[in-house]
Amino acid sequence: MPTQLSALNPQGQKSLTSYNLLTSALADGMPPDMFGLVQPANELPRLKARYRLAGSLKSVALEGYSDSTSQGYSALLRIHLTYSAAEKYGSLFASGSPSLLLNNPESGALLHKILSSPSHTSAFRLVQKRLTNVNLSARLEEADRTLADVLAAFRHTFVHGELSPGAKDDGSPAVYRLVLRVANLACPFVLTRIDEDLSERVERGLAKSENGRQH
């Protein structure tokens, strides 16, 4: 099996479809809780910025690094930025946390696909061994772990220096094939789920407002 990482796929989603509708409705005086917004509306631009950054990352250019190492860092940064956008969304909206957002059959099916082979499962075990977050480690052992938990594991080990592309640790080639797999499959899915959930919230909120005016 080759150890060279293939190129990252385009991320795709770069903007939130219903963002302008939401901000316009709030500017017109609609109450934030009509949309499940639990933080000040002036935090919304931060979500927009994080979402756009996550969706726009194609790759990073690193001087003096091999292509495979650069791809590894690109993939880990994509996972980090995507999870950061999901975290921000979860802090702004009731029941919008990454775990709840990604606790559905589609997310479960994707998680199964990502870890579908023994080699992928073994590689993820190596990631789990590098975790320093006890609560997250325990969560990953539970039968109902979600795609959000797996993304959090990669983000945590990367941010805390436990995953470094190009390191000569045992199992590193398999781990970085899995990193790229997660970045290519999970990250676009998560951004799409955020966009869909926000659109559903806005649609429900506007419908409630319209119904209220008719009665």
Side-chain angles (χ1 to χ4, degrees), residues 5-19 22 36 46-60 71-117 119-121 123-124 127-128 131 136 139-140 142-159 163 174-204:
L5 287 169
S6 59
L8 280 171
N9 294 332
Q11 181 80 307
Q13 193 84 7
K14 296 180 178 65
S15 61
L16 292 160
T17 306
S18 298
Y19 181 87
L22 173 60
R46 298 181 189 276
L47 169 65
K48 180 182 179 181
R50 290 193 188 191
Y51 189 93
R52 182 183 179 189
L53 181 59
S56 299
L57 179 68
K58 183 177 180 181
S59 64
V60 293
Q71 287 295 329
Y73 276 115
S74 296
L76 285 167
L77 280 171
R78 175 178 285 183
I79 293 168
H80 171 63
L81 293 173
T82 299
Y83 192 82
S84 177
E87 272 193 322
K88 187 61 181 177
Y89 185 76
S91 74
L92 288 173
F93 292 95
S95 70
S97 70
S99 291
L100 291 173
L101 187 68
L102 299 174
N103 188 14
N104 52 61
E106 294 82 6
S107 299
L110 180 58
L111 177 56
H112 177 75
K113 179 179 179 179
I114 289 171
L115 300 177
S116 58
S117 73
S119 63
H120 296 143
T121 301
F124 187 61
V127 175
Q128 287 181 259
L131 278 172
L136 181 55
R139 177 77 186 116
L140 288 167
E142 296 177 6
D144 62 342
R145 69 182 181 184
T146 69
L147 182 61
D149 299 320
V150 171
L151 290 175
F154 281 101
R155 196 275 291 269
H156 183 86
T157 49
F158 172 52
V159 169
L163 278 183
V175 168
Y176 285 102
R177 283 193 293 271
L178 180 58
V179 166
L180 196 76
R181 184 174 177 81
V182 171
N184 278 337
L185 295 177
C187 292
F189 177 85
V190 172
L191 293 186
T192 299
R193 279 294 300 128
I194 293 171
D195 186 59
E196 290 173 346
D197 192 75
L198 181 62
S199 293
E200 291 167 5
R201 290 175 184 275
V202 172
E203 184 178 350
R204 288 195 303 267

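What you see is a predicted model; the values in this text were computed from it and never measured.
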**Q** Got a sec: does the CD of E203 have more than 12 other heavy atoms crowding it under 6.0 Å?
**A** no
**Q** Does CZ in R52 sit with more than 12 non-hydrogen atoms of other residues, nucleotides or ligands closer than 6.0 Å?
**A** no
**Q** Quick one, L163 and Y176 - any side-chain contact, counting heavy atoms below 4.5 Å?
**A** yes
**Q** Looking at every non-hydrogen atom in both residues, tell me the closest pair between R78 and L57 and how far apart they are.
**A** NH2-O, 3.0 Å
**Q** K14 and G55: which non-hydrogen atoms are nearest, and at how many Å?
**A** CG-O, 3.5 Å
**Q** Which value, rounded to the nearest 0.5 Å, describes the distance between L185 atom CG and L111 atom CG?
**A** 11.0 Å
**Q** Taking the side chain as every heavy atom from C-beta outward, state whether L147 and F189 have any atom pair closer than 4.5 Å.
**A** yes
**Q** To the nearest 0.5 Å, how far apart are OG1 in T146 and CG in L140?
**A** 8.5 Å
**Q** Any side-chain heavy atom of I114 within less than 4.5 Å of one from V150?
**A** no
**Q** The criterion is side chain to side chain contact (heavy atoms under 4.5 Å, CB included); which residues satisfy it with L100, sequence neighbours excluded?
**A** S95, S97
**Q** Could you pull out the closest heavy-atom pair between S84 and R50, with the gap in Å?
**A** OG-NH1, 3.0 Å
**Q** Considering residues at least two apart in sequence or located in another chain, which fulfil the ring pair (Phe, Tyr, Trp, His ring centres under 6.0 Å) criterion with Y51?
**A** none
**Q** Which pair of non-hydrogen atoms, one from S74 and one from S59, has the smallest distance, and what is that distance?
**A** OG-CA, 3.4 Å
**Q** Is the closest side-chain heavy-atom distance between R155 and T82 below 4.5 Å?
**A** no
**Q** Taking the side chain as C-beta and beyond, is there a heavy-atom pair between F93 and L47 under 4.5 Å?
**A** yes
**Q** Measure the CG-CZ distance between L77 and F158 for me, rounded to the nearest 0.5 Å.
**A** 4.5 Å
**Q** Just by distance, no angles: are the side chains of D195 and T17 close enough, under 3.5 Å, to form a donor-acceptor pair?
**A** yes
**Q** Would you call the rings of F124 and F154 parallel, tilted or perpendicular, taking 30° and 60° as the class edges?
**A** tilted
**Q** Closest heavy-atom contact between L151 and A186?
**A** CD2-CB, 4.0 Å
**Q** Mind checking the NE2-CG spacing from H80 to L76? Nearest 0.5 Å is all I need.
**A** 10.5 Å
**Q** Side chains of D149 and L102: closer than 4.5 Å at any heavy-atom pair?
**A** no
**Q** Are R139 and D144 side-chain neighbours, meaning at least one heavy-atom pair lies under 4.5 Å?
**A** yes
**Q** Give, for atom CG of L110 and atom OG of S116, the distance between the pair rounded to the nearest 0.5 Å.
**A** 10.5 Å
**Q** Less than 4.5 Å apart, side chain to side chain, heavy atoms only: is that true for K113 and R181?
**A** yes
**Q** Restricting to non-hydrogen atoms, name the atom on V127 and the atom on T157 that form the minimum distance, rounded to 0.1 Å.
**A** O-CG2, 3.7 Å
**Q** Tell me, with the steps shown, if E196 and R193 meet salt bridge (charged side-chain N to carboxylate O under 4.0 Å, His left out).
**A** CA-CA 5 Å; E196 290 173 346; R193 279 294 300 128; 3.5 Å; yes
**Q** Is there a donor-acceptor pair under 3.5 Å between the side chain of Y89 and the backbone N or O of L198?
**A** yes
